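Let me begin by presenting the structure, written as structure tokens, before commenting on it.
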Amino acid sequence: QVQLQESGPGLVKPSQTLSLTCTVSGGSITTNNYYWSWIRQPPGKGLEWMGAITYSGSIYYSPSLKSRTSISRDTSKNQFTLQLRSVTPEDTAVYYCARSPRLILRTTPRYEYDSWGQGTQVTVSS
């Protein structure tokens, strides 16, 4: 059974870059026809899809975040990463990594994903 675990700093200052890593165990991020996403949930709000990387390494971003977001992967470590630049307090959220059996390019219900990390709280504050 695949497991995902987010890691990274819980506190980031405004204007800095938020960097998170998702470590995957029990399955490879290069396995055909699986897709790996970053999703966040600000306090009191719904889920927001941020971007995804496919099993073959193709990358997709939410149009609203594309100018500030980078997603990459390290296949040797079975990890994929998120960088969000120029953060503001509005980027405060619980950040999740998740796997889906199809390519998802927008915000969708949780059940569209078959595996989730536990989520990590990131607060943007000086």
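If you're wondering where the values come from, they're calculated on a predicted model, not measured in any experiment.
Screening residues 26-37 for salt bridge (charged side-chain N to carboxylate O under 4.0 Å, His left out), with sequence neighbours left out, gives no hits. Here disulfide bond (SG atoms under 2.5 Å apart) pairs that include residues 52-82, with residues two or more places apart or in two chains, number zero. Applying the salt bridge (charged side-chain N to carboxylate O under 4.0 Å, His left out) test to residues at least two apart or on different chains, the pairs with a partner in residues 113-126 are Arg99-Asp114. Residues in residues 8-29 take part in no salt bridge (charged side-chain N to carboxylate O under 4.0 Å, His left out) pair, two or more places apart or across chains.
Taking CG from Leu18 and OG from Ser86, the interatomic distance works out to 11.5 Å, rounded to the nearest 0.5 Å.
Heavy-atom minimum distance, Ile39 versus Ala98: CD1-CB, 3.9 Å. The shortest non-hydrogen separation linking Leu84 to Val87 is O-CG1, 3.3 Å. The nearest pair of heavy atoms linking Ser126 to Pro14 is N-CD, 3.6 Å. Pro9 and Ser19 make their closest contact through CD-O, 3.5 Å (heavy atoms, listed as atom of the first residue, atom of the second, distance).
In this structure, a donor-acceptor pair under 3.5 Å is present between the side chains of Thr81 and Ser72. In this model, no donor atom of one side chain and acceptor atom of the other lie less than 3.5 Å apart for Gln79 and Thr21.
Side-chain contact between Gln121 and Thr92 is present, with at least one heavy-atom pair separated by less than 4.5 Å. Side chains of Val12 and Thr123 form no contact here, defined as non-hydrogen atoms less than 4.5 Å apart. Within the 4.5 Å cutoff, the side chain of Thr120 has heavy atoms near those of the Leu20 side chain.
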Inset, instruction - Kindly determine whether Arg73 and Thr75 satisfy side chain to side chain contact (heavy atoms under 4.5 Å, CB included), including the steps that lead there. - result: CA-CA 6 Å; Arg73 67 178 185 174; Thr75 56; 3.6 Å; yes
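Remark: Asp74 pairs with no residue by the salt bridge (Lys or Arg N to Asp or Glu O under 4.0 Å) rule, at least two apart or across chains. Qualifying side chain to side chain contact (heavy atoms under 4.5 Å, CB included) partners for Gln3, counting only residues two or more places apart in sequence or in other chains: Ser25. The salt bridge (Lys or Arg N to Asp or Glu O under 4.0 Å) search around Arg102 returns Glu112, not counting sequence neighbours. Scanning for salt bridge (Lys or Arg N to Asp or Glu O under 4.0 Å) contacts around Arg68 gives Asp91, with sequence neighbours left out. Checked against side-chain hydrogen bond (donor to acceptor under 3.5 Å, both in side chains), Arg85 has the following partners two or more places apart in sequence or in another chain: Ser70. For the ring pair (Phe, Tyr, Trp, His ring centres under 6.0 Å) test, residues two or more places apart in sequence or in another chain that qualify with Tyr113 are Trp116.
Both Leu65 and Val124 are part of a single hydrophobic cluster, where members link through side-chain heavy atoms under 4.5 Å apart. In the hydrophobic clustering of ILVMFWY residues, with side-chain heavy atoms under 4.5 Å counting as a link, Ile59 and Leu4 come out together.
Just one of Phe80, Tyr95, Tyr96 meets the ring pair (Phe, Tyr, Trp, His ring centres under 6.0 Å) condition when paired with Trp38; it is Phe80.
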Just distance, no hydrogens or angles: give the donor-acceptor pairs under 3.5 Å from side chains in residues 44-58, sequence neighbours left out.
| unit_1 | atom_1 | unit_2 | atom_2 | d |
| --- | --- | --- | --- | --- |
| Glu48 | OE1 | Arg40 | NE | 2.7 |
| Glu48 | OE1 | Arg40 | NH2 | 3.1 |
| Trp49 | NE1 | Ser37 | OG | 3.3 |
| Trp49 | NE1 | Gly51 | O | 3.4 |
| Trp49 | NE1 | Ile104 | O | 3.4 |
| Thr54 | OG1 | Ser56 | N | 3.2 |
| Thr54 | OG1 | Ser56 | OG | 3.0 |
| Thr54 | OG1 | Gly57 | N | 3.3 |
| Thr54 | OG1 | Ser58 | N | 3.1 |

Would you list the atom pairs, donor with acceptor, under 3.5 Å between side chains in residues 29-36 and any protein atom, with sequence neighbours excluded?
| unit_1 | atom_1 | unit_2 | atom_2 | d |
| --- | --- | --- | --- | --- |
| Thr30 | OG1 | Ser28 | OG | 2.8 |
| Thr31 | OG1 | Ser28 | O | 3.1 |
| Trp36 | NE1 | Ile29 | O | 3.2 |

